[in-house]
Protein chains: 2
Amino acid sequence: MEKILNALAETKRMDIIKLLREGPLTVGEIADKLELRQPQVSKHLRVLNEAGFVEVQPAANRRIYKLRTEPLQELDEWLDQFRHTWEDRFERLDDYLIELQEKEKED
Amino acid sequence: MEKILNALAETKRMDIIKLLREGPLTVGEIADKLELRQPQVSKHLRVLNEAGFVEVQPAANRRIYKLRTEPLQELDEWLDQFRHTWEDRFERLDDYLIELQEKEKED
DNA sequence: ACGGAATATTCCGTTAGGAGTATATTTGAT
DNA sequence: ATCAAATATACTCCTAACGGAATATTCCGT
């Protein structure tokens, strides 16, 4: 999960992901469309690959990168644990303040 | 969105978020429970705050930090654009390979 | 007003990561 | 076998960010 978030938390990599939503692309094409240098693209693709965001298909000279959505699904599942929270969360802050005062008295 | 992801993509901050799920806590309590030094906790809370993940309630000497789920909701909404993709995505890779060969012939 | 506790901020050293350039590697074409 | 194109890797530089220690700040109790 940390790897996934780290991969996403970088503008250029996020751009690549957005771009690959429209379909697979070669390294050179990505570099052209995003106006990045080829080495940077390769490096970012490496990170994305290690986080599971892309898969590679060699085609002769080139390598075609295709988006994988599994990491995003994982992120979605991770969010599950919070979904109930942003729906029926009751205000615990007031309770906590009282609890804190109780502790004070004990000392 | 970048701020949100950046805030999440850090182990300690993620730990703080997990911890705050159980309820609001003071800085000192967070430091104790996670075995972190107080200044680091304050710094991480600063980042979390700027990303909208926490709100603060001063109580005398202390400051009680409470989790906000809005950024997570934002993340959830951002994921929407991919949800259809990981359901009914058709294989475009083969098509692309053919398309690539067409381009070759043109040159 | 003073002192202590809780927290925020600052300064510093160290490290991780991104960008640029050059180079290695692979592949197809001739 | 050689060459050019596409890509990956290595090296260097530079900046951002984390961690630690010290200090500033705020607040309450006395």
Side-chain angles (χ1 to χ4, degrees), chain A residues 2-17 19-20 24-51 53-66 96-97 99-101 103-107, chain B residues 2-17 19-20 24-51 54-66 96-97 99-107:
Chain A
E2 191 184 348
K3 226 173 199 171
I4 292 174
L5 289 168
N6 183 52
L8 279 177
E10 188 54 68
T11 315
K12 309 291 175 57
R13 286 196 290 266
M14 177 65 90
D15 290 344
I16 293 177
I17 289 179
L19 184 58
L20 288 181
L25 291 174
T26 68
V27 178
E29 288 171 327
I30 296 172
D32 283 349
K33 299 206 178 195
L34 298 182
E35 296 186 345
L36 300 174
R37 321 244 169 183
Q38 173 267 317
Q40 318 307 331
V41 174
S42 285
K43 288 178 205 171
H44 285 312
L45 285 170
R46 190 173 201 262
V47 176
L48 288 173
N49 187 38
E50 284 170 358
F53 274 106
V54 294
E55 60 185 277
V56 200
Q57 164 109 13
N61 230 359
R62 320 179 180 179
R63 312 190 106 217
I64 302 172
Y65 282 84
K66 180 190 166 193
Y96 185 78
L97 284 170
E99 185 188 338
L100 204 66
Q101 291 170 1
K103 285 178 187 168
E104 302 289 296
K105 292 172 188 167
E106 290 172 10
D107 297 334
Chain B
E2 191 183 350
K3 228 172 198 172
I4 292 175
L5 289 168
N6 184 51
L8 280 177
E10 188 52 69
T11 315
K12 309 293 177 53
R13 285 195 291 265
M14 177 65 88
D15 290 344
I16 293 177
I17 289 179
L19 184 59
L20 287 181
L25 290 175
T26 68
V27 177
E29 288 170 327
I30 296 172
D32 283 349
K33 299 206 178 198
L34 298 183
E35 295 186 345
L36 299 173
R37 322 243 170 184
Q38 174 266 318
Q40 318 307 331
V41 174
S42 285
K43 288 178 203 173
H44 285 311
L45 285 170
R46 189 173 203 259
V47 177
L48 288 173
N49 187 37
E50 285 170 357
V54 294
E55 60 186 277
V56 200
Q57 164 108 16
N61 230 358
R62 321 180 180 178
R63 312 191 107 217
I64 303 172
Y65 281 84
K66 180 190 166 190
Y96 185 78
L97 284 171
E99 186 190 336
L100 204 67
Q101 290 171 2
E102 303 293 329
K103 284 178 186 168
E104 303 290 296
K105 291 172 187 167
E106 290 172 10
D107 295 334

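Since the structure is predicted, the reported quantities are computational estimates derived from the model, not experimental observations.
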**Request:** Mind checking the CG-OH spacing from B:Leu25 to B:Tyr65? Nearest 0.5 Å is all I need.
**Result:**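 B:Leu25 atom CG to B:Tyr65 atom OH measures 12.0 Å (nearest 0.5 Å).
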**Message:** Distance check, rounded to the nearest 0.5 Å: A:Thr11 atom OG1 versus B:Leu5 atom CG?
**Reply:**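 Those atoms lie 10.0 Å apart.
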**Message:** So if I take every side-chain heavy atom of B:Arg13 and compare against D:dA6, D:dC18, C:dT27, which nucleotide ends up nearest?
**Reply:**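 It is D:dC18.
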**Prompt:** Side chain of B:Arg62: nearest nucleotide among D:dC27, C:dT26, C:dT7?
**Reply:**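 In terms of side-chain proximity for B:Arg62, the closest of D:dC27, C:dT26, C:dT7 is C:dT7.
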**Request:** Indicate yes or no for a side-chain donor-acceptor contact from B:Glu29 to the backbone of B:Thr26 under 3.5 Å, with no hydrogens or angles considered.
**Result:**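 Yes; at least one donor-acceptor contact below 3.5 Å.
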**Request:** Mark yes or no for whether B:Arg13, through its side chain, and B:Ala7, through its backbone, hold a donor-acceptor pair below 3.5 Å.
**Result:**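 Side chain of B:Arg13 to backbone of B:Ala7: a pair is present.
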Atom [atom1] of [X] to atom [atom2] of [N]: distance rounded to whole Å?
X: B:Arg63; N: D:dC28; atom1: CZ; atom2: C1'; answer: 16 Å
X: A:Ile30; N: D:dA6; atom1: CD1; atom2: P; answer: 14 Å
X: B:Asn61; N: C:dT7; atom1: CG; atom2: C1'; answer: 8 Å
X: B:Asp15; N: D:dC18; atom1: CG; atom2: C1'; answer: 15 Å
X: A:Arg46; N: D:dA10; atom1: CZ; atom2: P; answer: 8 Å
X: A:Asp32; N: D:dA6; atom1: CG; atom2: P; answer: 9 Å
X: B:Leu48; N: C:dA8; atom1: CG; atom2: C1'; answer: 15 Å
X: B:Glu50; N: C:dA8; atom1: CD; atom2: P; answer: 12 Å

**Request:** Could you check B:Leu45 against A:Pro39 and say which one's nearest nucleotide on DNA chain C is further toward the 5' end?
**Result:**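 Final value for this comparison: B:Leu45.
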**Prompt:** Where each residue is assigned the nucleotide of DNA chain D containing its nearest heavy atom, which of A:Val56 and B:Lys43 is assigned the position nearer the 5′ end?
**Reply:**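 Of the two residues, A:Val56 wins.
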Measuring to OP1 and OP2 of [N], would you say a side-chain N or O of [X] lies under 4.0 angstrom away?
X: B:Tyr65; N: C:dA8; answer: yes
X: A:Thr26; N: D:dT7; answer: yes
X: A:Arg37; N: C:dA19; answer: no
X: A:His44; N: C:dA19; answer: yes

Classify the side chain of [X] and the base of [N] as holding, or not holding, a donor-acceptor pair under 3.5 Å.
X: A:Gln40; N: C:dG18; value: no
X: B:Gln38; N: C:dA6; value: no
X: B:Lys12; N: D:dG19; value: no

**Request:** Write down the partner of D:dT30 under the Watson-Crick or G-U wobble criteria, each distance required to be under 3.5 Å.
**Result:**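 Matched D:dT30 with C:dA1 under the 3.5 Å cut-off.
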**Prompt:** So which of A:Ile16, A:Val41, A:Leu19 actually passes side chain to side chain contact (heavy atoms under 4.5 Å, CB included) with A:Lys33?
**Reply:**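 So, applying the side chain to side chain contact (heavy atoms under 4.5 Å, CB included) to A:Lys33 and each of A:Ile16, A:Val41, A:Leu19, only A:Leu19 qualifies.
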